[in-house]
Amino acid sequence: QVQVVESGGGLVQPGGSLRLSCAAVGSIVRALKMGWYRQVSDKERELVALITTDGSITNGDNINYSDSVKGRFTISGNSGKNTVDLQMNNLKSEDSAVYYCMVEQRTVMGGRISYWGQGTQVTVSA
């Protein structure tokens, strides 16, 4: 059973930094996609940052950020280890949300399956 474990959330003042970490444990399958999403109360979950790999060892990663975090957040990961981090700098109050880690893998039947973490709260407040 694959479990996605997140850590690193918390309370920070505007302008501060936090680092979120995530690991998908219980799997040796290389990740195809690894990313962070966030959700505020009853709003839809939105993409924050995503790494899309080509499934190989070579450097074929493609990284996408939402416009609201470009230049402030940096995603990094290891598809072989199924780990992904999100460095968040210059945090703003509007970054407050529950952040979710997502890891997508290929199934034995050739399809794809996404695994999600339970979420970690990030609160930016003075």
| field | Step-by-step side-chain hydrogen bond (donor to acceptor under 3.5 Å, both in side chains) determination, Q105 to S27 | value | CA-CA 9 Å; Q105 297 177 336; S27 173; 3.0 Å; yes
| Intermediate values then yes/no, side chain to side chain contact (heavy atoms under 4.5 Å, CB included), L86 and R38 | CA-CA 12 Å; L86 185 68; R38 66 187 182 188; over 6 Å; no
| field | Short N-O contact, D67 and K70, less than 4.0 angstrom | value | yes
| field | Pairs where residues 6-23 contributes a residue and the test side chain to side chain donor-acceptor pair (under 3.5 Å) is met, not counting sequence neighbours | value | S17-N89, R19-D85, R19-Q87, S21-D85
| field | From W36 atom CH2 to L47 atom CG, the distance as rounded to the nearest 0.5 Å | value | 12.5 Å
| query | Going hydrophobic residue to hydrophobic residue with side-chain gaps under 4.5 angstrom, can you get from L32 over to L50? | reply | no
| query | More than 12 non-hydrogen atoms from neighbouring residues, nucleotides or ligands closer than 6.0 Å to CD on E44, yes or no? | reply | no
| Inter-residue atom distance I113.CD1 - R106.CZ, 0.5 Å rounding | 13.0 Å
| Would you say the side-chain atoms of S114 pair up with the backbone N or O of M102, donor to acceptor, closer than 3.5 Å? | no
| query | In the hydrophobic clustering that connects Ile, Leu, Val, Met, Phe, Trp and Tyr at side-chain heavy-atom distances below 4.5 Å, which members other than V5 occupy its cluster, ordered by chain and number? | reply | V25
| task | Please report the C-alpha distance between S66 and F73 in whole Å, then the side-chain angles of each, then the deciding distance to 0.1 Å, and finally whether the side chain to side chain contact (heavy atoms under 4.5 Å, CB included) criterion is met. | result | CA-CA 10 Å; S66 71; F73 290 13; over 6 Å; no
| said: Show, in sequence, the C-alpha distance, side-chain angles and deciding distance for V84 and I75, and conclude whether the side chain to side chain contact (heavy atoms under 4.5 Å, CB included) test is met. | reply: CA-CA 7 Å; V84 58; I75 189 171; 3.6 Å; yes
| Got a sec: does the CD of Q3 have more than 12 other heavy atoms crowding it under 6.0 Å? | no
| note | All heavy atoms of I51 vs all of G77, minimum pair found to be CD1-N, 3.6 Å
| Taking only residues two or more places apart in sequence, or in another chain, which ones meet V122 in a side chain to side chain contact (heavy atoms under 4.5 Å, CB included)? | L18, L20, M88, Y99, V124
| If you look at every heavy atom in A49 and Y65, which pair is closest and at what distance? | CB-CD2, 3.6 Å
